[in-house]
Amino acid sequence: MASLTASQRASASALTTPTESAMTTVRSTCPHDCPSACALEVDRLAPDRIGRVRGSRVNPYTEGVICAKVARYAERVHNPDRLTTPLLRDGPKGSGRFKPIGWDEALDRVADAFRVAARRHGPQAVWPYNYAGTMGLVQRDGMERLRTLLGTSLQQGTICIALADAGWKAGVGHKWGVDSREMADSDLIVLWGLNAVHTQVNVMNWVAKARKGRGAKLVVVDPYRNATAAQADVHLMLRPGTDAALACAVMHVLFRDGLADEAWMAAHTDDPEGLRRHLQDRGPDWAAAITGVSAAEIEAFAHLYGRTPRAFLRVGYGFTRQRNGAAAMHAVSCLPAITGAWAHRGGGALYSMSGLMPVDTNLITAESERDGTQRWLDQSRIGAILTGDRSALAGGPPVTAMLIQNTNPMVVAPESARVAEGFAREDLFVCVHEQIMTDTARMADVVLPATTFLEHDDLYRAGAHPFLQVGLKAIDPLGEARCNHDVLRDLMARLDVAEHPANAMDSRTLVEETLSLSGLPSAEVLAANGGHDCTTDFDVHHFTGGFGFGQPDGRFRFHAAWRGPQAAIMPDLPDQLAVTEAPNADHPFRLVTAPARSFLNSSFNETPTGRKVERRPTVFVHPDDAVTAGVVDGALVRLGNARGSVALHARCFDGLQRGTVVAEGLWPNTAFVEGRGINTLVGADPGPPNGGAAFHDTAVWLRPAEVSAPPVAPASPATVA
């Protein structure tokens, strides 16, 4: 294990051992569901209180830049609605009525509920459910160890990246790409399905470097003129779910006009001639009819891209959250393989760097101890699962006991009305471990107070950059709050599980042991250095010079290597896959549920400043569509389909195509006038080839609203007897 130099020891000491008599600065890492995993510097005002949060300049990706959401994180840590003691439901489900209890009683009740469920239906009637409220490997992925050792149902993580992963790996194979810092050396940056201003603000810092240093152009591909598109030199404003058609037409032009790098393709791809023939009838006019982007715009972009060797393609997750999202990702990822942009510094593509970080997580997850008999349940289909759908239950028993950490499925999951119906079951026991009383926590039988990331230790991978980082405990936990890891090991101590070494370790020890087993420096070294840089050489990041793509033959696959239960319906070569929820006479609009700048995800929608900035749930409607629908700017409108309807306020906005509506969020259900959130409208059917939620793939109608229930005020934390 690496050791610290004298200067590093002094730096680490100054940053991690504050005195009680003066403000000190501590280093940490943002844990939230964002690829940036920003390195942070936090003002510690007292043993249990923070002040300002800033981006760390020690980390060469963050470079001092963080989003406003995290800069005001003191609003969340010291939110007056923070949960501080375990609570027991003291009224009907969903009433928000609770009474305080002790930790021992709370954990005993959870353990007893798990035993009852297992006795009646078998251990797979228990479904521990979590996601990315923290991206820390200890505090998030310890739930995998609980599932493995108890023999419960497992969870297929499909909310965020399942479709994007499938599409990227189908062609590239390896889950990494060009280092984001190479954007500074680019002459063209294409942000495809990535509203970086809202979701990855650091990207815009590197775009600015390229613009200032090299006069680089910025192209944004997105269905509406969001804050990132507004800064672009070129905005390709396409219809939702038509990205693959746009990519195919661009490839058609590249081949047709001699802009393809024939030598590079011959050396590094599987079948360029087959792709050329396949694309002959998929030109700009064909794509224009599908995408709504003019043939002239498509031609101009193709020429700009094809004539710029240092073209950096930064692909996001947004455009893949369609039922054809995996096919779209594969089609878009083909672009640098045709032009040979991978061969140039500042050229190529990036989806995620996480595959480059060599962390052995088996001590945390106990994954190697699974015996193959546990069923997998799709987290996006939680509504169907909790309401007894046999297909969603994979033929197994009903779910009758749950522990929920790091997620708020009453707001986040598709088919919200069905999710609420499931949580209302009297035979379902639910324990929610949370920081604030969310919509999901209000449905719980037992609520446990959770620490924030500044109140525990953890280890973090990133998607946007190659730095493995730690976040070490900066302040004392608020009230009786406990971290996820402590709750899991205390619960397993009450249940009949095999001994496991991780259950005897505190969080810091588990971080250190994981780093040691992975052959990586200690947490102290990582903290002092702003992370461990997992960057390797040019050839690895650019899949060239003898280091190939992650396919058996080392070549990029134009013939996609699809895997999964729906692989048979996927296109062999890049193509527009017609499986989206298409508009029709009854549902003429396509709904995109994009992230708001102040929220990103549901973790931020309880902060006062964020709510003040975003004001209220709103849907963007093209002015001509508003006239046709009889909708007035600022008025209450209703969106609906067969899954339900939602009332929210309209904003007339010409920065989208007719037939597209955009609702930025993610607001709590209780912020809507009828208490029904936007995911009421979103379907939970799994996207091919291997599942994935289609949040931006929803057909709806739009009309002036008649409110069917009195306005619902934002929920209070709880009524505590």
Side-chain angles (χ1 to χ4, degrees), residues 195 198 222-227 229-230 237 239-240 292 411 414-417 420 439 581 583-599 602 604-606 608-683 695-715:
N195 183 2
H198 283 200
D222 203 284
Y224 75 116
R225 191 172 64 242
N226 52 43
M237 191 169 68
R239 295 182 182 121
V411 171
E415 296 184 358
S416 296
D439 292 71
E581 191 167 286
N584 55 41
D586 294 329
H587 306 90
F589 296 95
R590 290 266 293 167
L591 170 66
V592 172
T593 58
R597 186 170 187 173
S598 298
F599 291 166
S602 69
F604 292 97
N605 64 25
E606 295 102 355
T609 300
R611 287 198 176 205
K612 182 179 179 180
V613 169
E614 300 298 337
R615 296 187 60 217
R616 63 190 181 187
T618 300
V619 60
F620 297 156
V621 183
H622 193 281
D624 294 341
D625 285 334
V627 171
T628 302
V631 166
V632 178
D633 187 40
L636 198 65
V637 298
R638 186 177 298 283
L639 300 175
N641 55 25
R643 301 178 189 101
S645 69
V646 173
L648 68 174
H649 290 82
R651 176 185 166 190
C652 291
F653 177 59
D654 65 1
L656 38 67
Q657 291 196 37
R658 291 199 65 179
T660 299
V661 292
V662 176
E664 291 186 337
L666 189 62
W667 287 91
N669 299 330
T670 48
F672 290 78
V673 295
E674 294 173 337
R676 293 193 297 271
I678 197 67
N679 281 333
T680 299
L681 308 175
V682 175
F695 288 105
H696 309 325
D697 185 2
T698 305
V700 297
W701 46 256
L702 166 70
R703 63 187 65 148
E706 295 179 3
V707 179
S708 62
V712 178

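Here the structure is a predicted model, which is why all the values come from computation and not from measurement. Just the heavy atoms: all of them, side chains too, but no hydrogens, waters or symmetry mates, feed the values below.
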Output yes when a side-chain donor or acceptor of [X] lies under 3.5 Å from a complementary backbone atom of [Y], and no otherwise.
X: His198; Y: Pro595; result: yes
X: Asn641; Y: Ala699; result: yes
X: Asn679; Y: Val682; result: no

State, with a plain yes or no, whether a side-chain heavy atom of [X] is found less than 4.5 Å away from one of [Y].
X: Thr660; Y: Phe620; value: no
X: Arg676; Y: Ser645; value: yes
X: Val662; Y: Leu656; value: yes
X: Asp654; Y: Pro623; value: yes
X: Phe672; Y: Arg616; value: no
X: Leu666; Y: Ile678; value: yes
X: Leu681; Y: Leu639; value: yes
X: Phe695; Y: Pro414; value: yes

What are the two closest heavy atoms between [X] and [Y], and how far apart are they?
X: Val411; Y: Ser416; value: O-OG, 4.3 Å
X: Ala594; Y: Tyr224; value: CB-OH, 3.5 Å
X: Ala663; Y: Leu648; value: CB-CD1, 4.3 Å

In chain order, what residues pass the salt bridge (Lys or Arg N to Asp or Glu O under 4.0 Å) check against [X], with sequence neighbours excluded?
X: Arg658; value: Asp625
X: Arg643; value: Glu581
X: Asp697; value: Arg323, Arg590
X: Glu664; value: none

Residues forming a side chain to side chain contact (heavy atoms under 4.5 Å, CB included) with Arg703, sequence neighbours excluded: Arg638, Trp701
According to side chain to side chain contact (heavy atoms under 4.5 Å, CB included), who are the partners of Ala626, at least two apart in sequence or on a separate chain? Val621, Val631, Cys652
Roughly how far apart are Asn226 CG and Met237 CE, rounded to 0.5 Å? 11.0 Å
dist Thr628:OG1 -> Asp624:CG (nearest 0.5 Å) comes out at 7.0 Å
Before giving the answer on side chain to side chain contact (heavy atoms under 4.5 Å, CB included), spell out for Arg651 and Thr618 the whole-Å C-alpha distance, their side-chain angles and the decisive distance to 0.1 Å. CA-CA 7 Å; Arg651 176 185 166 190; Thr618 300; 3.7 Å; yes
Using the rule given for side chain to side chain contact (heavy atoms under 4.5 Å, CB included), can you reason through Glu614 versus Trp667, listing the C-alpha separation, both sets of side-chain angles and the distance that settles it, and then say yes or no? CA-CA 9 Å; Glu614 300 298 337; Trp667 287 91; 3.4 Å; yes
Apply side chain to side chain contact (heavy atoms under 4.5 Å, CB included) to Asp439 and Thr670, showing your working. CA-CA 8 Å; Asp439 292 71; Thr670 48; 3.8 Å; yes
